[in-house]
Amino acid sequence: MKKGSLVVVGTGILTPAHLSQESIARIKTADVVHFLVPDPLGMPLIKKLNQNIKNLAELYYDEKTGKNGENRLQAYDLMVDSILQDVRSGKEVCAVFYGHPGVFVYPSHRCIGKAENEGYDAIMLPAISAQDCLYSDLNIDPGKTGCQSLEATQYLFYKHPINPFAGLILWQITVVGDASLKRLTPVKNGLMMLQDKLLLIYPKDHEVILYEASTLPIMLPRVESIKLCLLFKAKISQITTLYIKPVSTPPLDEVFCNKWEIEI
Amino acid sequence: MSDKLIEFLTELTTNEKVKKQFLSDQTETMRDYGVPEEHIKMVVEKRYQDVIDTIGTNYRITINTIIDIFKIK
């Protein structure tokens, strides 16, 4: 029997425009393609490239019916099992995820790790993530001030030291504070908790940006500036990201510069 | 029913010529692709949520991360 293998690719955010030539080639030549893509523009192309497809969305957790496990984590594990089953049966498997397949995607990393542990070849190809779109749409160069990027709930529940002189991107704010892993809408006080913690670092009238990348060619990205103290009542969706601007330029490290005789 | 709209939007994503044509005359460009009049109206009136609902976008499945503290549980 042929030895199975796995390649994980991403569609980018605006499909099919963001799909790389390398990813297209991998989709085309795979024995089977598993995909988790939210928008129907990518689907026809994937179907055109490869007839043997499996839609992982069918394994997604349903909050209302409790379908596919008891929470999102269990549903992701079902996806991993589905992909690995085909790898173990000797197939060249291509798994396609939305955006960059390795950025805020639990099942993709889990698949790669499991496949490698079992002795199969497994690789991930890079793709365009929402963070890449954010840099373009907000005209931000992370090389200018630095940029921190955290999952919003992780930021809430852990003691992350935040550098206010660098930008801060907080992801998945729609499920911020959700410890049940069942919700896909904000928990009660989720945004209030987030605002409360951010106010320990930033002034209340500090400008924050609600950002949503454009997912259709007819739409512009959502770029909405609000004051931090109004975050609790912001209208957000499942693709909203929060970008917090640096408070100011960082102070110069004069002691260091003097020590090394650096003139600025 | 939304097949023509999906087909058109896919073309618009990747075809510069169609994009230019669309920017100069949205309605006629969509008509050329056989997009139904009610869907043309949605696009022209910028009713994006209706477009998203019509083509069946499922943003639920964009939430795919679990932070470590929950994996330990």
Side-chain angles (χ1 to χ4, degrees), chain A residues 13-19 36-45 56-57 60-63 71-73 76 79 97-99 101 103-110 130 150-158 171-172 174-175 178-181 183-184 212 215-220 237-239, chain B residues 1-31 33-35 38-73:
Chain A
I13 302 299
L14 184 63
T15 49
H18 289 180
L19 201 58
L36 187 63
V37 182
D39 72 278
L41 303 193
M43 282 184 218
L45 178 67
L56 293 172
Y60 206 83
Y61 172 68
D62 189 318
E63 186 186 346
N71 56 40
R72 287 194 286 122
L73 182 56
Y76 299 150
M79 294 177 196
F97 291 91
Y98 176 66
V103 178
F104 295 92
V105 185
Y106 169 80
S108 59
H109 287 289
R110 186 91 177 127
L150 290 169
E151 202 274 345
T153 303
Q154 191 184 72
Y155 168 66
L156 273 193
F157 293 174
Y158 289 87
W171 300 98
Q172 297 194 161
T174 192
V175 288
D178 173 38
S180 72
L181 305 182
R183 301 179 62 96
L184 286 169
E212 291 171 14
T215 53
L216 287 176
I218 51 169
M219 282 166 64
L220 292 172
S237 79
Q238 275 140 4
I239 58 166
Chain B
M1 194 186 160
S2 61
D3 287 358
K4 288 286 173 193
L5 179 60
I6 291 172
E7 195 184 305
F8 170 72
L9 292 173
T10 305
E11 196 64 22
L12 192 61
T13 311
T14 50
N15 190 329
E16 274 304 313
K17 205 175 155 190
V18 176
K19 207 181 279 182
K20 275 182 189 162
Q21 202 184 327
F22 178 73
L23 287 174
S24 66
D25 191 339
Q26 296 191 355
T27 303
E28 277 311 308
T29 310
M30 285 188 276
R31 276 184 189 145
Y33 273 82
V35 178
E38 59 174 304
H39 296 164
I40 291 176
K41 207 165 174 241
M42 270 180 211
V43 174
V44 172
E45 290 174 359
K46 296 184 169 38
R47 287 189 279 125
Y48 299 132
Q49 192 52 52
D50 289 342
V51 174
I52 286 165
D53 293 341
T54 301
I55 64 175
T57 305
N58 180 6
Y59 286 132
R60 290 172 63 247
I61 64 172
T62 60
I63 305 285
N64 286 317
T65 296
I66 300 284
I67 66 172
D68 282 350
I69 199 167
F70 297 134
K71 288 178 210 158
I72 298 161
K73 267 166 106 180

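Order of the sequence lines sets the chain letters (A, B, ...), proteins ahead of strands, with each chain counted from 1.
In this structure, the portions of A:P40 lying under 4.5 Å from any heavy atom of chain B include both its backbone and its side chain. The contact between A:T15 and chain B is made entirely by backbone atoms, counting heavy-atom distances below 4.5 Å.
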Determine whether A:M219 and B:I52 satisfy the following criterion, side-chain contact (heavy atoms from CB on, under 4.5 Å), listing intermediate values before the conclusion.
CA-CA 11 Å; A:M219 282 166 64; B:I52 286 165; 4.2 Å; yes
Please lay out, stage by stage, how A:L14 and B:T13 fare under the test side-chain contact (heavy atoms from CB on, under 4.5 Å).
CA-CA 8 Å; A:L14 184 63; B:T13 311; 3.8 Å; yes
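To the nearest 0.5 angstrom, A:L41 atom CG is 7.0 Å from B:T57 atom OG1. Summarising the geometry, atom CG belonging to A:L45 is positioned 8.5 Å from atom OG1 belonging to B:T14; distances are rounded to the nearest 0.5 Å.
Judged purely by atom type and a 3.5 angstrom limit, B:Y48 has no side-chain atom pairing as donor or acceptor with the backbone of A:L220.
Using a 4.5 Å heavy-atom cutoff, the side chains of B:L9 and A:I218 are in contact.
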